[in-house]
Amino acid sequence: MQARTASSWTSATRCSCSPATAGSTRRASLLDLKRIRSDPDGVREKLRRKGEVTGLDRLIELDVRHREGLREIEGWRAQRNTRSREIAELLRREPDAAEAAKAEVRALGERLREREADLEAWRSEIEDLLLRLPNTPHESVPVGADAASNVVVRTWGDPPRRNFEVRPHWEVGVELGILDFERGAKLAGSGFVVLRGAGARLQRALIAFMLDHHRAAGFEEVSPPFVANRQAMRGSGQIPKMEADMYRVESEDLFLIPTGEVPVTALHADEILDEQRLPLRYVAYTPCFRLEAGAHGRDTRGLIRVHQFDKVEMVAFTRPEDSYAELEWLVSRAESVLQALALPYRVLLLSTGDMGANNAKQYDLEVWAPGVQRWLEVSSVSNFEDYQARRSGIRLRRRSGEATLAHTLNGSGLALPRTLIALLENGLGPDGSVVVPDVLRPYLGGLARIDPPQERT
RNA sequence: GGAGGGGUGGCCGAGUUGGCCUAAGGCGGCACCCUGCUAAGGUGUUACUCGGGCAACCGGGUCGCGGGUUCGAAUCCCGCCCCCUCCGCCA
């Protein structure tokens, strides 16, 4: 794979444009509208694979009406422009005639203003409907209503056979004194946890290891803001559909990021990238904040589902023709982390009904957790094709000079809490101690095992 | 938070007494020509986007964002965002 230097994109993409600020009205490109126009049945069929299709008929109807209005209004504008130019002439030769012409154009302007209000209403409804349409799934994605149609692509590693009961991490971690759920809940509520001592260090070691691991494969490490504005959220597809699941800083209209994908993808919003510098690959550590509004009562114990967690995220920007090869490569990079940690996992190709709304194709990596006796999703790797690029205005310049939408991808590499679960439950010994994987020991001053404390605090 | 300066096409950068700005020029890119040597030169071309059209092409919009004045706004007025300098405050 092509190695990049940290400075490779700066000259081409330095953002002299004002950053994507709230209040900007960059509209969703109507390119995908053209696709809907030219092949409404094909689009409808593909959207159906993901679930119920809403708003498509309304969208098509509005589009026809909007375009009719546009033709009318643009004709008037053309008239106004030519008449205005004539007035400049008349003012020099026949002032009286100029006054008459002014009155005429003024009337035209008023008519224009009325029609513009209608058009604007349609346009904004069209945009809203477009922003709510999910991405269409790739042909290679298995069609199915739910997780039952997911395909196990491969499995790696064998769960260690042990002659003692492997207890869940919330018992193991508490006994080791490295997980403190009670105090997390005390200071922030249920779903927040405090890592202590070797647990805190272990998490930090995991983050550092993963960043180094990906950096060695050619990713540029970035450390973005952990909040993002509405525009960035809309660009990556969190808004409008998932707004209710995010923490919001009301005074600033900012959101706590639900994933590093948001700020890192937004890095190149409203930019035209140089084709020859692609792919751009980034890796970022960020915390992630999720309200988990629809998940009350699910996975309430332990680290499986928490409101705040850490994650190392990979994000890639590619040419359209390269994105599916990139997807496979990103999956392999995420897998390589689990392999380095010697954790057994499987790779799932998600079905149309189970995958994310924004994705064209998605793989999940699930690690085996013997304590809770479950496969846990530690990574989700997705190709968004041009879905996010269209919303965000991420394009590339072809050698031919043409500007076209880029493809974006991302994948966890990995999510920390569930990785921690797997380490605790797979590395557990009969005495309650936990083995530290070889690759992490340099980050922990050589620590090879976490032992139960002599006395509890 | 206060004062001042600024935001123009992939990049740099002219343009603010409103009207051939239908945005100069340069860089970069692309095409061709010349040239025989790890180079340079010449000519042409090159913003994005929407609508109409098979197409050539025609028309609309876009000079940070939104609104206003006007027959007409990059240019004038108002609000907001961002960047820079100085002051204040502060990790």
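A note on names: the letters A, B, ... follow the listed sequences, proteins ahead of strands, and every chain is numbered from 1.
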Determine whether the side chains of [X] and [Y] contain a donor N or O and an acceptor N or O closer than 3.5 Å.
{"X": "A:E335", "Y": "A:Y363", "result": "no"}
{"X": "A:Q238", "Y": "A:S236", "result": "yes"}
{"X": "A:R35", "Y": "A:T136", "result": "yes"}

Residues forming a salt bridge (Lys or Arg N to Asp or Glu O under 4.0 Å) with A:R80, sequence neighbours excluded = none
d([atom1], [X]; [atom2], [N]) in whole Å:
{"X": "A:L273", "N": "B:G10", "atom1": "CG", "atom2": "P", "answer": "12 Å"}
{"X": "A:D270", "N": "B:G9", "atom1": "CG", "atom2": "P", "answer": "12 Å"}
{"X": "A:R390", "N": "B:U49", "atom1": "CZ", "atom2": "P", "answer": "12 Å"}
{"X": "A:D32", "N": "B:U49", "atom1": "CG", "atom2": "P", "answer": "14 Å"}
{"X": "A:L108", "N": "B:G60", "atom1": "CG", "atom2": "P", "answer": "13 Å"}
{"X": "A:L70", "N": "B:G52", "atom1": "CG", "atom2": "P", "answer": "8 Å"}
{"X": "A:E120", "N": "B:C50", "atom1": "CD", "atom2": "C1'", "answer": "14 Å"}
{"X": "A:Q231", "N": "B:C80", "atom1": "CD", "atom2": "P", "answer": "20 Å"}

How is A:R83 classified with respect to the nucleic acid when contacts are heavy atoms under 4.0 Å: base, sugar-phosphate, or nothing?
-> nothing
What nucleic acid atoms does A:A101 come within less than 4.0 Å of, heavy atoms only: base, sugar-phosphate, or nothing?
-> nothing
Sort out the partner of [N] for me: Watson-Crick or G-U wobble, both distances under 3.5 Å, none otherwise.
{"N": "B:U69", "value": "none"}
{"N": "B:C48", "value": "B:G61"}
{"N": "B:U43", "value": "B:A31"}
{"N": "B:G9", "value": "none"}
{"N": "B:C86", "value": "B:G2"}

Going by the rule ring pair (Phe, Tyr, Trp, His ring centres under 6.0 Å), which residues pair with [X] if we only count those two or more places apart in sequence or in a different chain?
{"X": "A:F309", "value": "none"}
{"X": "A:Y247", "value": "none"}
{"X": "A:H407", "value": "none"}

Check whether any side-chain N or O of [X] sits under 4.0 Å from OP1 or OP2 of [N], and answer yes or no.
{"X": "A:R71", "N": "B:G51", "value": "no"}
{"X": "A:R80", "N": "B:C71", "value": "no"}
{"X": "A:N81", "N": "B:G59", "value": "no"}
{"X": "A:N229", "N": "B:C81", "value": "no"}

Considering only atom [atom1], compute the distance from [N] to [M] and round it to an integer number of Å.
{"N": "B:C32", "M": "B:G52", "atom1": "C1'", "value": "34 Å"}
{"N": "B:C89", "M": "B:U49", "atom1": "C1'", "value": "45 Å"}
{"N": "B:U16", "M": "B:C87", "atom1": "P", "value": "32 Å"}
{"N": "B:C11", "M": "B:G29", "atom1": "C1'", "value": "11 Å"}
{"N": "B:G13", "M": "B:G66", "atom1": "P", "value": "24 Å"}
{"N": "B:G25", "M": "B:C21", "atom1": "P", "value": "12 Å"}
{"N": "B:U46", "M": "B:G9", "atom1": "C1'", "value": "11 Å"}
{"N": "B:C76", "M": "B:C63", "atom1": "P", "value": "14 Å"}

Sequence-distant partners of A:R85, side chain to side chain contact (heavy atoms under 4.5 Å, CB included), two or more places apart = A:N81, A:T82
Among all residues two or more places apart in sequence or in another chain, which pass the side chain to side chain contact (heavy atoms under 4.5 Å, CB included) test with A:E114?
-> none
Polar-atom pairs under 3.5 Å, protein N or O versus N or O of nucleotides 16-20 of chain B: list them with distances, or write none.
unit_1, atom_1, unit_2, atom_2, d
B:G19, N2, A:S84, O, 2.9

Take A:G75 and A:R67, find for each the nucleotide of RNA chain B with the closest heavy atom, and name the residue whose nucleotide sits nearer the 5' end.
-> A:R67
Are A:K186 and A:E182 ion-paired here, with the side-chain N under 4.0 Å from a carboxylate O?
-> no
Among the nucleotides B:G51, B:U69, B:G59, which one has an atom lying closest to any side-chain atom of A:R113?
-> B:U69
Does the A:R290 side chain pair with the main chain of A:P258, one donor and one acceptor, at a distance under 3.5 Å?
-> yes
Mind listing the side-chain donor-acceptor pairs of residues 198-213 of chain A below 3.5 Å, one per line with the distance, residues two or more places apart or on another chain?
unit_1, atom_1, unit_2, atom_2, d
A:R201, NH2, A:L444, O, 3.2
A:Q203, NE2, A:D310, OD2, 2.7
A:D212, OD1, A:R215, NH2, 2.9
A:D212, OD2, A:Y443, OH, 2.6
A:H213, NE2, A:R333, NH2, 3.3
A:H213, NE2, A:S336, OG, 2.7

Protein N or O to nucleotides 45-48 of chain B N or O, pairs below 3.5 Å:
unit_1, atom_1, unit_2, atom_2, d
B:C48, OP1, A:R397, NH1, 3.0
B:C48, O3', A:R395, NH1, 2.8
B:C48, O2', A:R395, NH1, 3.4

